[in-house]
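Let me begin by presenting the structure, written as structure tokens, before commenting on it.
Naming: A, B, ... by sequence-line order, numbering from 1 per chain.
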Number of protein chains: 2
Amino acid sequence: MQNRTDTTRTIGEHGIPEPTLRRLPAYCQVLRRLAGRGLKQVSCTRIGRELGFDPTQVRKDLALAGAVGRPKVGYCTEELYRTLENFLGWNNVEEAVLVGVGHLGTALLGYTPFDRYGVRIVAAFDSDPEKLGPHAHGVQVFPQTRLPELLRRMKLRIGILTVPAEAAQSVCDLMTANGVIAIWNFAPIALSVPANVIVQNEDLFATLGVLSSKLAAALRTGS
Amino acid sequence: MQNRTDTTRTIGEHGIPEPTLRRLPAYCQVLRRLAGRGLKQVSCTRIGRELGFDPTQVRKDLALAGAVGRPKVGYCTEELYRTLENFLGWNNVEEAVLVGVGHLGTALLGYTPFDRYGVRIVAAFDSDPEKLGPHAHGVQVFPQTRLPELLRRMKLRIGILTVPAEAAQSVCDLMTANGVIAIWNFAPIALSVPANVIVQNEDLFATLGVLSSKLAAALRTGS
DNA sequence: AGTTTCTCGATAGATTTTTCTCGATAATGG
DNA sequence: CCATTATCGAGAAAAATCTATCGAGAAACT
Ligand SMILES: NC(=O)c1ccc[n+]([C@@H]2O[C@H](COP(=O)([O-])OP(=O)(O)OC[C@H]3O[C@@H](n4cnc5c(N)ncnc54)[C@H](O)[C@@H]3O)[C@@H](O)[C@H]2O)c1
Ligand SMILES: NC(=O)c1ccc[n+]([C@@H]2O[C@H](COP(=O)([O-])OP(=O)(O)OC[C@H]3O[C@@H](n4cnc5c(N)ncnc54)[C@H](O)[C@@H]3O)[C@@H](O)[C@H]2O)c1
């Protein structure tokens, strides 16, 4: 089909389709569950049924992540899980910083099984003096003013951003200026960052938008 | 291209591509911001620049949502905003129920500007007696046992699910059995529901997976 | 042992989504 | 008034993604 001079451009280093990438965590969860039930072998058909995905798609996704299976048998549950975990970078946990200990930030700080997902929050910051002090799981909340100093000292590379939208860009700048190269952004705003920095927006309202527009459509049609 | 007997099947009633649907809320946010600055007219180029999207894509998205603009001028900011809001169903706010007043549920209950996004949480439920009573914004937390009764009485159609994964399916069943037809699910598990029920999963770990695998790839390559 | 059945892996086909190109239109500035 | 420029709208092309098909291997059953 496409015989330009240089195909295989996109598949440079981590050139996995993003939709695939977004499905991998779901596979991990299913595998953990099935492994917990003592299932040694697992097939794409099975995984697909659990998640409502097409088996062929599952197979393709797993292949892209580097998994290999055997005909009739499927994949070894444990091995497949480790392959995915390794691919996602979840086997060696990265330490992370969280800025903005409000409603959402507190919820994230309180979420225990985060290190299962490759991230451990080791420090938090807030500009509000009332938020300071030790928090859940012994994570300390520091005053925002100490962010540059501590960030440099601790060499944290992942930043979680849960401040109001107005403050997001300036906090983001502060993070990137002090060594953060990957940002998980919960503020509903597009951040502008240096070229080498990775930003992933957790856009809750995108999901809500899909939900409510589908609902609106269903109500128009249905009754 | 496709001259089957019945084309225009997919474009039945709400046949907008889902990626488009997911971008619409972002356009709303930008428009709100720009309108706040007194901007009467706005172009796709401008919106695209704010969000890092391709202008053509913005134009196509807006067209799909039913917006019309004028050459050289662009769109009327206010009118465009209302068009999108109307398309998303965010102009008439739906009342919603939240089940699971834990870390995440509390954060959502505490989020003031939800009604700007078409949803108002009017009741919450939890199986833990300690969580009962009045909560932020006067939302009452009821015991889980009263869910069927109150759900039927209040005729709520949107359910927000923030219970642990193990409990998610049973709570979901309870919701759908009592009139809920749209579920915003935060539990990391695939729900099975009757055919007419809409489920949107807010899969936080999908985003985190993309982030960490990109970071892992960058670290492998870069340094 | 032979047959059946289930599954992976690869390839090709279909569909969806994004990007590009073009002409028409309206404001702006000489 | 006319050239210029910015913009929408529509349609085509390109790219990405998803789905279907087929062959071969491995286990289970007869
Ligand atoms: N709570 C939710 O359910 C929810 C849902 C969707 C999106 N969000 C988004 O998440 C972000 C946080 O929401 P929230 O409800 O937790 O808000 P919040 O107001 O409860 O918390 C924000 C926190 O950030 C702190 N902060 C403000 N400016 C700061 C600065 N410059 N440096 C450091 N800390 C600063 C505040 O002191 C506060 O503790 C917002 O952008 C919001 O739009 C929240
Ligand atoms: N907190 C986070 O940052 C976070 C992040 C990602 C995903 N999640 C997911 O969101 C969900 C909630 O997380 P959380 O941290 O708020 O958990 P949590 O344990 O703090 O809260 C769960 C709440 O649900 C209630 N509950 C349990 N079973 C119930 C039942 N059958 N009926 C009614 N209520 C019941 C509990 O009493 C508790 O109040 C989980 O599925 C979790 O995996 C949370």
- [ ] Report the distance from atom CG of A:N201 to atom CG of A:L191, rounding to the nearest 0.5 Å.
- [x] 6.0 Å

Open item on the list: Would you compute the distance between atom OH of B:Y75 and atom CD of B:Q41 and round it to the nearest 0.5 angstrom?
Closed with: 12.0 Å

Dump every N/O contact between nucleotides 19-28 of chain C and the protein below 3.5 Å, one line per pair.
residue: C:dT19; atom: O4; partner: B:K60; partner atom: NZ; Å: 3.1

Open item on the list: Can you list, in residue-number order, the parts of residues 25-52 of chain B that come under 4.0 Å of DNA chain D, counting heavy atoms only?
Closed with: B:S43, B:C44, B:T45

Task: Residues B:E95 and B:K155 bridged, charged N to O under 4.0 Å - done: no

Task: Charged N-O contact under 4.0 Å between A:E94 and A:R120 - done: no

Please report the distance, rounded to the nearest Å, between [atom1] in [X] and [atom2] in [N].
X     : N      : atom1 : atom2 : result
A:E18 : D:dA15 : CD    : C1'   : 16 Å
B:L64 : D:dG9  : CG    : P     : 12 Å
A:D61 : D:dA16 : CG    : C1'   : 14 Å
B:L62 : D:dT7  : CG    : C1'   : 13 Å
A:L21 : D:dA16 : CG    : C1'   : 15 Å
B:I16 : C:dT18 : CD1   : P     : 13 Å

Task: Partners meeting salt bridge (charged side-chain N to carboxylate O under 4.0 Å, His left out) with B:E202 (sequence neighbours left out) - done: none

Task: Parallel, tilted or perpendicular: ring planes of B:Y117 versus A:F205, cut at 30 and 60 degrees - done: parallel

Open item on the list: We want to know whether A:T207 and B:W184 form a side-chain donor-acceptor pair, criterion being a heavy-atom distance below 3.5 angstrom.
Closed with: no

TODO: For B:Q169 and B:D173, test the side chains for any donor-to-acceptor distance below 3.5 angstrom and give the result as yes or no.
DONE: yes

